[in-house]
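What follows is one structure encoded as structure tokens, with my remarks underneath.
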2 protein chains.
Amino acid sequence: MARVRKTVTIRDVAEDAGVSLQTVSRVVNGGPNVRPQLRDKVRASIDRLGYVPSLAAQRMSGSRSYIILAINDRERTLADWRARLGTDWVDQMLLGGILTCSQHGYRMMVELVDTHSDHVERELGAALSALQPDGVILTPPHSENRLITQLLAERNIPFARIGSNAPGPGIPLTMGDESAAHLATARLIELGHRRIAMIAGPPQYSLSGWRIDGWKRAMDEAGLPHDGLLEVGDFGYASGTRAARALLDRHADLTAIIGSSDQMTLAALEVARDRGLAVPHDLSLISFDNTPIVRFSQPPLTAVDQPIAETVSRAVEQLIARGPDGDDDAVIEVAAGLVERSSTAPPPVEAPAQAHAHAPSRA
Amino acid sequence: MARVRKTVTIRDVAEDAGVSLQTVSRVVNGGPNVRPQLRDKVRASIDRLGYVPSLAAQRMSGSRSYIILAINDRERTLADWRARLGTDWVDQMLLGGILTCSQHGYRMMVELVDTHSDHVERELGAALSALQPDGVILTPPHSENRLITQLLAERNIPFARIGSNAPGPGIPLTMGDESAAHLATARLIELGHRRIAMIAGPPQYSLSGWRIDGWKRAMDEAGLPHDGLLEVGDFGYASGTRAARALLDRHADLTAIIGSSDQMTLAALEVARDRGLAVPHDLSLISFDNTPIVRFSQPPLTAVDQPIAETVSRAVEQLIARGPDGDDDAVIEVAAGLVERSSTAPPPVEAPAQAHAHAPSRA
DNA sequence: GCGCATCTTGAGAGCGTTCTCAAGACTTGT
DNA sequence: ACAAGTCTTGAGAACGCTCTCAAGATGCGC
């Protein structure tokens, strides 16, 4: 029944157009030296037959595979996914990447790799051998994993490091974490807040430090102290609960918290609710990431929007444009923006006065 | 500087183990007739050299490409993604698929295809030619797109249709929409609700009809009327707002709404809030999909959990297991579950009494 | 108008794997 | 112990494409 339709190959096109395989190949790849007349004829044959080159054959013969491989942290991704929290990094990478890849005739694949596994090399190595991608995009925390970057450098595969500005092989891209944190803090200060705490991410992530830096800088610039206003979490919900509790226990005069992830900030929101603190009336909250889950919370969270998709898109372009290795020095920075929703407002009226004139009175 | 490490090929392994290429190939693919002793020797060489077969070469030679292609609706996916609502279908497909694929040595790729485009054939055809996948997974509404299913059948590529139970080529898989809707409705009836409305999805999706069927069946079984209690949306937020308003305008005695998507139900939640209706005290809400965004709304939504990941996983297994074509008759049904959160409760005390004894009095 | 450089086209090899087919080693039955 | 099978191994072609290199066609300077 089901007639097996033979695949259209370059040979079919060559015959149809009455030229050699090589000429068709040149036309397909935009080769430089083909007479316009012949080019058009070949193009017509290609269209008529619906010829599309086989990715596998292209890879076999030429040097390119037309595949960009995106690497994500398996542990975090699967945890978020199983908990039905969404896997925003994967979303953003995949979709940001797919669109840019397809513009250049490339394809994107996603690979999940364990950070803590001793098999990183084997696991990633297998993917590289099987796929032989033309470029690899690393996300935190892999971006700064020596084993991984070395492996890629050794195999001479161009790669991008997102969320890393360290020198070394690979194209470094960052998302303006320092200035984003500074922006968020400055905005709160502008609203009148003086006691602004931060729940930071784990120190293995460079961006955790950058965000702390930005927050401190804004506080310093405004002449505000930040001692004791820092708690560290692991980006997850539970750690956010712990951190928010510790912060609110310690500082009754706190009027704002910046959380270094949506989950942690959402946890802070719940802690506030439990303690009868209205957000944003009594406590302002700013989150990092701006994943889907902060849009429908009550109130919706003001958040720093991580331009992951755009960053990945830039990474793809760099990987495709640069050959085996270009000048790997300049850090590419894509700016993050602040999306204001309803979790931020001026602090309660007595609060600023308190901080200046009186002793704190709230228990 | 960067020494280009030559890729380990099957030839290197053959030399190392002192056997022919063919023998290595047999060992790699679990071929049947190799002496255990030789097999071990070859395995040792493979491990030592870290050999992994090239996907491209495998495809070139053999009949398989070890690629499963998942097709999603571009329009909806990109709209949800740009609106930062999350792309749960892609998430679930990708991750559910990746895990199952990797267990069988396969890889999954995602392709976005326009439903309404006249170029469906060209677009999909190009992807098929380039990738030559061993199997394709179709999601609604593509699952029931004739052009697409015909194209796949013609090319003799095994494919799965998720959310379709129609006869014809391709493996049909459904997620128990009828029984899920019945379950949700029955649960509300059990809580004491008698006026239960439904906001359905667009009729192009078969599953929209199935969900209506389940709702009606439950209502019928309880002897409850359902006339005028149905509104149709397009799964999007705005359509949910419209539908919820219409429903609430029309029926002052309504105590529960089932929304056929998270976005529409979230919209209903907002409409209720605007009208001073407390959820779940005055109005109970049950959603379909259970994507991340319904977990942190206030209150969190009770939702029918669509087992997309599991369904995709089953689809992958079927595609890999069955050869070119198996018996395409039996519909595979993966059951959906109801996740109870805080948007469901018994109706207000006077409401059931009203419905029976008095005329509705609420404006 | 002739020799040289450049542009245009094609022929053939090679990429890494699996397929088909054939040859040798080993069983088994009588 | 010998024929007839089965098991094990290998040799060579093939997959669809791009690479390298060579040959023919065309343009340029004097």
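To find a chain, count down the sequence lines: A is the first, B the second, and so on, and within it residues start at 1.
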query: Do NZ/NE/NH1/NH2 and the carboxylate oxygens of A:Glu123 and A:Arg74 come within less than 4.0 Å?
result: yes
query: Do B:Asp80 and B:Arg76 meet the salt-bridge criterion of a basic N to acidic O distance under 4.0 Å?
result: yes
Roughly how many Å is it from [atom1] in [X] to [atom2] in [N], rounded to a whole number?
X        : N      : atom1 : atom2 : result
B:Gln132 : D:dC15 : CD    : C1'   : 10 Å
A:Leu49  : D:dG16 : CG    : P     : 15 Å
A:Arg26  : C:dG10 : CZ    : P     : 8 Å
A:Met60  : C:dG16 : CE    : P     : 6 Å
B:Gln37  : C:dA25 : CD    : P     : 16 Å

query: So what does A:Arg59 hit on the nucleic acid, given a heavy-atom distance under 4.0 Å: a base, only sugar-phosphate, or nothing?
result: nothing
query: Counting any heavy atom closer than 4.0 Å, what does A:Tyr51 reach on the DNA or RNA strands: base, sugar-phosphate only, or nothing?
result: sugar-phosphate
- prompt: Does B:Ser102 reach the main-chain N or O of B:Leu99 with its side chain, forming a donor-acceptor pair under 3.5 Å?
  reply: yes
- prompt: Can you find an N or O donor on one side and an acceptor on the other, under 3.5 Å apart, linking the side chain of A:Ser61 with the base of D:dC17?
  reply: yes
message: Does a side-chain N or O of A:Gln58 approach OP1 or OP2 of D:dT18 to a distance below 4.0 Å, or not?
response: yes
Check against side chain to side chain contact (heavy atoms under 4.5 Å, CB included), B:Trp89 and B:Ile162: CA-CA 11 Å; B:Trp89 265 94; B:Ile162 294 183; 4.0 Å; yes
- prompt: So B:Glu144 and B:Gln204, side chain to side chain contact (heavy atoms under 4.5 Å, CB included) or not? Walk me through it.
  reply: CA-CA 9 Å; B:Glu144 306 192 309; B:Gln204 306 87 286; over 6 Å; no
What's touching nucleotides 4-8 of chain D from the protein side, N or O pairs under 3.5 Å?
residue, atom, partner, partner atom, Å
D:dT8, OP2, B:Asn33, OD1, 3.2

message: If you take any heavy atom closer than 4.0 Å to DNA chain C, which residues from residues 10-25 of chain A end up in contact?
response: A:Val19, A:Ser20, A:Gln22, A:Thr23
message: Counting neighbours of CZ on B:Arg48 that are heavy atoms of other residues, nucleotides or ligands and sit closer than 6.0 Å, is the number greater than 12?
response: yes
message: Does B:Arg39, at its CZ atom, have more than 12 non-hydrogen atoms belonging to other residues, nucleotides or ligands within less than 6.0 Å?
response: yes
statement: For A:Asp114 and A:His142 the tightest heavy-atom approach is C-CE1, 4.0 Å
query: Do A:Leu95 and A:Val312 touch side chain to side chain, with heavy atoms closer than 4.5 Å?
result: no
